[in-house]
Structures are given as structure tokens and as C-alpha cells.
Amino acid sequence: MNAQFVELPISTRAGKFLARFSKKGLAGLDFPNEKALVVPKRSKDGPIPAEIRKWHRVTEVVLKKILAGHEPKEFPPLDLGGTEFQKSVWNALRKIALGKTKSYGEIATAIGRPKAVRAVGGACGANPVPILVPCHRVLAANNKLGGFSGGLDWKRGLLKREGINLPSTG
DNA sequence: CCCACAAGTCGCT
DNA sequence: AGCGACTTGTGGG
């Protein structure tokens with residue numbers, strides 16, 4: 001009846017994120033939203049499974065580490081839905097080391113669909129867990145920023161935090 | 001099933 | 001630098 005999920009805010013120096021956990025793991029992560037700072041209201045606030053609390057802690061650490069420019073040692077389990085294609089893309093995305101970038105074409109080639117660069121972009125946009133799945137490290141072929149669901153400004157900021165020199169100024 | 005759109009990429013001018 | 005063509009996957013009607 002209920003694909004029950006628990007939404008827990010994660011405060012970072014970049015703002016308050018909103019992590020959404022299912023029973024299987026981290027199912028979603030939202031960027032800080034000033035205009036619609038959604039504070040989750042749980043009907044039953046009491047029972048938060050210990051497992052989820054652990055994931056919450058791990059997720060918080062991961063976020064803060066990445067925002068600080070350090071690659072986290074451990075990730076929470078991810079419960080990502082979507083199509084097989086999207087999962088393939090996200091899986092490829094996670095292989096990108098912090099501080100490094102890849103192009104959409106590289107990702108497309110990595111999953112065996114070198115021509116599906118555009119579909120890759122779509123899959124990135126459908127990525128429910130940004131930052132953990134480093135969609136922001138994916139640039140266009142000319143090292144252009146491309147786009148970003150959470151806002152292009154976020155993408156620039158994230159890349160800069162990871163020590164990536166943006167081609168715009170360089 | 002058919003049509004339109006998308007976080008791209010390459011080639012030409 | 002600007003414009004168009006090509007391609008694949010997803011979403012809506």
C-alpha cells in the first residue's frame with residue numbers, strides 16, 4: 001500500500017538537503033530549496049528503522065565530504081528505480097572519481113551506446129540522487145557545462161569545490 | 001502506436 | 001561563432 005519512505009533533512013554548509021530513504025536504501029536526494037524548503041512531516045515520527053538512521057548518517061558524511069572536496073570512503077545502499085538504461089548510466093557515473101570529469105559521450109560509450117549521448121543526458125536528469133551519483137562531473141564534449149537539473153549554478157559550484165578548473169575562465 | 005522533447009555531438013559555413 | 005543534421009531513450013496523446 002505504501003512504498004513507504006522516510007525523508008530526512010541533511011544540513012550542510014551548502015544548505016539543507018533532503019534525503020529520501022526507502023526500505024532498501026537511499027532512494028532520492030533533493031537540493032536545498034529556499035523557495036520551497038520542504039520539511040518532511042512524518043505521520044508517525046517515532047519508528048525510524050535503525051538501518052535508515054545509519055544510512056542517513058552515512059549519507060550526511062558523504063555529502064559533507066564531497067562538498068569539502070574529499071571522496072567519501074563509504075556510500076549508503078542506493079535504491080534507484082528507473083529503466084535499465086538509466087541504471088547503467090548511473091552506474092557508469094559512479095565510476096567517475098572526485099575531481100575528475102567525463103563527457104556525455106564517454107558515458108554513452110561506457111554503457112555500450114556511444115550514440116545515445118542525448119539519452120545519457122536524459123538519464124542524468126532523471127538521476128534521483130545527485131552528488132552521490134556525480135552527474136555534475138559530466139560535461140559536454142567541448143568541456144562545456146551542459147545542463148543541470150538542480151541548476152547550472154550548482155553544477156559550477158560543485159565542480160569548483162572539487163578543484164575542477166572551469167574552462168570558462170581558463 | 002505515433003509524435004515531440006532532451007543535461008549531446010559532429011560537420012559545415 | 002552560429003546553424004543544422006543525426007541519433008537514442010523517455011514521456012505524453
Could you tell me the separation between the NZ atom of A/Lys144 and the P atom of B/dG8, rounded to a whole number of Å?
9 Å

If you look at every strand shown and take non-hydrogen atoms under 4.0 Å, does A/Arg113 touch a base, only sugar-phosphate, or nothing?
sugar-phosphate

Side chain to side chain contact (heavy atoms under 4.5 Å, CB included) assessment of A/Cys135 paired with A/Asn127:
CA-CA 8 Å; A/Cys135 47; A/Asn127 170 23; 3.5 Å; yes

Rounded to whole Å, the NZ-C1' distance (A/Lys155 to B/dA7) equals 6 Å

Interatomic distance, A/His136 NE2 vs B/dA7 P [rounded to whole Å]:
18 Å

For the CZ atom on A/Arg161, are there more than 12 heavy atoms of other groups (residues, nucleotides or ligands in this structure) within a distance under 6.0 Å?
yes

Just the endpoints, please: which first and last nucleotides of DNA chain C, 5' to 3', lie under 4.0 Å from a heavy atom of chain A?
C/dT7 to C/dT10

Sub-6.0 Å ring centroid separation between A/Phe17 and A/Phe31
yes

What is the distance, to the nearest angstrom, from the CG atom on A/Asn142 to the P atom on B/dG11?
12 Å

Does A/Ala119 reach a base, just sugar-phosphate, or nothing at all? Heavy atoms under 4.0 Å.
base

If two hydrophobic side chains count as joined below 4.5 Å and joins carry through other members, does A/Val61 share a cluster with A/Val6?
no

Identify whether any heavy atom of A/Gly125 sits under 4.0 Å from a base atom; if not, whether one sits that close to sugar-phosphate; answer base, sugar-phosphate or nothing.
base

Partner lookup for C/dT7, please. Criteria are Watson-Crick or G-U wobble with both distances under 3.5 angstrom; report none if nothing qualifies.
none

Apply salt bridge (Lys or Arg N to Asp or Glu O under 4.0 Å) to residues A/Arg57 and A/Glu60 and explain how you reach the verdict.
CA-CA 5 Å; A/Arg57 172 184 291 186; A/Glu60 182 174 352; over 6 Å; no

Assess the residue pair A/Glu162 and A/Arg137 against the criterion (salt bridge (Lys or Arg N to Asp or Glu O under 4.0 Å)); give the C-alpha distance rounded to whole Å, side-chain angles, the decisive distance to 0.1 Å, and a yes or no.
CA-CA 9 Å; A/Glu162 297 189 4; A/Arg137 288 177 206 151; 2.9 Å; yes

Nearest-Å distance, CG (A/Leu93) to P (B/dA7)?
15 Å

Identity of whatever pairs with B/dA7 - Watson-Crick or G-U, under 3.5 angstrom
none

Side-chain contact test, heavy atoms from C-beta onward, threshold under 4.5 Å: evaluate it for A/Leu26 versus A/Arg20 and give yes or no.
no

Students often get this wrong, so: under 4.0 angstrom with heavy atoms, is A/Phe85 touching a base, only sugar-phosphate, or nothing?
sugar-phosphate

To the nearest angstrom, the CG-P distance between A/Leu152 and B/dA6 comes to 16 Å

From C-beta outward on A/Arg118, which listed nucleotide comes closest to its side chain: B/dC10, B/dA6, B/dA7?
B/dA6

A/Phe148 CZ to B/dA6 C1': how many Å, rounded?
16 Å

For A/Gln86 and B/dA7, what is the distance between atoms CD and P respectively, to the nearest whole Å?
13 Å

